[in-house]
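Every chain is numbered from 1 and lettered A, B, ... according to where its sequence line falls, protein lines coming before strand lines.
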There are 2 protein chains.
Amino acid sequence: MDENDDFVVQDFLPYLLNRAAEDSSLAFQTLYKGRYGMLRTEWRVLFHLGMYHRMTARDISTRAKIHKTKISRAVAKLSARRWVIRNRDEADRRSEHLELTPAGRSVYEDLREQAKIYDRRLTQEFSAGDVALLRRMLRQLASMETSVDPD
Amino acid sequence: MDENDDFVVQDFLPYLLNRAAEDSSLAFQTLYKGRYGMLRTEWRVLFHLGMYHRMTARDISTRAKIHKTKISRAVAKLSARRWVIRNRDEADRRSEHLELTPAGRSVYEDLREQAKIYDRRLTQEFSAGDVALLRRMLRQLASMETSVDPD
DNA sequence: CGGTAATAGTTGGTTTTGTAACTAACAAGG
DNA sequence: CCTTGTTAGTTACAAAACCAACTATTACCG
C-alpha cells in the first residue's frame with residue numbers, strides 16, 4: 001500500500017465517466033421528461049426505433065445493452081401512447097416487430113433535433129478533432145463497434 | 001426536420017458517455033460489491049474520506065455532487081460497519097465530521113489499489129496523451145475543477 | 001413424434017433511488 | 001430574547017431498477 005504514488009481515485013476513469021455522464025445527461029433528461037413525460041429507457045428505445053425503423057425487443061436489447069425487462073416496460077408505455085406499434089412475427093410467434101407510428105416518429109424527430117442542438121452545446125468548447133477522438137474512445141470503452149452494421 | 005443531415009443519435013455524447021460509464025464500471029462494481037458488499041455511493045463516500053481524511057456529509061455532497069439523502073444512507077451503513085466514525089462538531093452541533101477507522105482505511109487502501117490496476121487495464125489500449133486528454137475533457141464536461149483545491 | 005432445452009417477452013417481489021417533508025441547530029434583525 | 005429564515009442531516013413515501021421466476025413458443029435430438 002504505497003501512499004505516495006501517483007494514482008488518485010479522483011482520476012479513476014469510471015468515476016470521471018459517471019460524473020460526466022450524469023451531469024451531461026441532466027439537462028436533456030428534463031427536456032424529454034418535461035416535454036413528453038418519458039423515462040430514459042423509453043427515450044433510448046424510441047431513438048433506436050427511429051434509427052432502425054423495425055426491430056424486435058431483443059434486437060434493441062442486444063444493440064443498446066438494455067435489459068429485456070426494462071425494454072418490455074418501456075415498449076408497453078410507448079405502445080399505450082400509440083407511439084409504437086407491435087407486430088407479432090408469424091414465422092416465430094414468440095417475438096414481435098416494433099415500429100414507430102407517425103406520432104412516435106414526430107416525437108423522435110423533435111427529440112433528435114433537440115439532441116443535435118444539445119450535443120453541439122456540449123462540445124462547442126472543444127476542437128472538432130478532440131471531440132472526434134473523445135467519441136471514438138468512448139465507443140471503444142463501451143465495447144461498441146465503431147462501424148454501423150446494417151440489418 | 002432534415003432527414004439526411006449528419007447527426008446520428010448514436011453519437012449523441014450523453015448516450016456515449018452513459019454507455020462507456022456503465023460498461024467500464026461494471027467489472028469494478030462487482031469487485032467492491034462482491035468483496036465488501038458495498039453500493040456505489042458507499043464506495044464513493046469511502047474514497048472521498050480516504051482522500052480528504054475529514055469531511056462533513058455536506059463537504060462530500062458538494063465535492064462529489066451526491067445528494068445528501070444518499071450520503072446520509074451511505075454513512076449510516078459505513079458507520080454501522082465501523083468503517084467510518086462520526087464526530088459531532090461542537091462549534092456547530094448540526095454537522096458532524098466523518099473519518100475512516102483503521103478498518104475503513106484498509107478497505108479504502110485495498111480498493112484504491114484495485115482501482116489503480118483496473119484503471120490501467122481500461123486505458124492500456126490508448127496512448128498516454130489520449131488518456132490525459134480524455135480525462136481533461138470528462139472533467140470539463142462534469143463541470144469539475146481541474147485543479148485540486150486544498151481544504 | 002415426444003421430451004428436454006433454449007428463446008422472446010412478461011410479471012412479481014425486493015432493493016435502491018428520488019422527492020418532499022421533517023427535526024435540530026444556528027443566524028440575524030427587530 | 002423572540003420571530004423568521006437558513007442549514008445539516010434524517011426519515012417517509014413514491015417511483016424506478018433489479019433479479020428471479022413465469023408463460024408461450026420454437027429448436028434439438030433420441
* Structure fact -> Between CD1 of A:Ile71 and P of D:dA17 the distance, given in whole Å, is 13 Å
* To do: Mind checking B:Thr56 for me? I need base, sugar-phosphate or nothing, with any heavy atom below 4.0 Å counting as a touch.
  => sugar-phosphate
* Asked: Between atom CD in B:Glu42 and atom P in C:dT15, what is the gap in whole Å?
  -> 14 Å
* C:dT16 P sits how many Å from B:Met38 CE, rounded? -> 13 Å
* **Spacing of A:Ile66 atom CD1 relative to D:dC18 atom P, expressed in whole Å** => 11 Å
* Residue closer to the 5' end of DNA chain D, A:Thr69 versus A:Arg88 (nearest nucleotide) -> A:Thr69
* Would you confirm whether B:Arg82, through its side chain, and B:Thr101, through its main-chain N or O, come within 3.5 Å as a donor-acceptor pair? => no
* To do: Write down the distance between NE2 (A:His67) and C1' (D:dA20), rounded to a whole number of angstrom.
  => 10 Å
* Structure fact -> Among the nucleotides C:dA25, D:dT25, D:dA8, whichever has the atom closest to the side chain of B:Ser95 is D:dA8
* To do: State whether A:Lys70 places a side-chain N or O below 4.0 Å from either non-bridging phosphate oxygen (OP1 or OP2) of D:dC18.
  => yes
* Report which part of the nucleic acid A:Arg86 touches: base, sugar-phosphate, or nothing (heavy-atom distance under 4.0 Å, all strands). => sugar-phosphate
* To do: For A:Arg58 and D:dT26, give me the distance from atom CZ to atom P, rounded to whole Å.
  => 16 Å
* Between A:Phe12 and B:Phe47, is the gap from one ring center to the other below 6.0 Å? -> no
* **Separation of D:dC18 P from A:Leu39 CG (nearest whole Å)** => 12 Å
* Atom CG of A:Asp59 to atom C1' of C:dG9: distance rounded to whole Å? -> 13 Å
* Asked: How do B:Asp92 and B:Lys68 order along DNA chain C: which one's closest nucleotide is nearer the 5' end?
  -> B:Lys68
* Starting from the 5' end of DNA chain D, give me the residue, B:Val75 or A:Glu90, whose nearest nucleotide shows up first. => B:Val75
* Of A:Ser72 and B:Thr41, whose closest DNA chain C nucleotide lies nearer the 5' terminus? -> A:Ser72
* Distance-only donor-acceptor test, A:Arg94 side-chain atoms vs C:dT7 base atoms, 3.5 Å -> yes
* **B:Tyr36 and B:Trp43 aromatic centres sub-6.0 Å** => no
* If you measure from the Lys or Arg side-chain nitrogens to the Asp or Glu carboxylate oxygens, is any gap between B:Asp110 and B:Arg35 under 4.0 Å? -> yes
* To do: Assess whether one donor atom and one acceptor atom, taken from the side chain of B:Arg73 and the base of C:dG18, lie less than 3.5 Å apart.
  => yes
* Asked: From the list C:dA8, C:dT16, C:dT10, which nucleotide is the closest neighbour of the side chain of B:Lys77?
  -> C:dT16
* Is the backbone N or O of A:Ser79 less than 3.5 Å from a side-chain atom of A:Arg86, with the two atoms forming a donor-acceptor pair by type? -> no
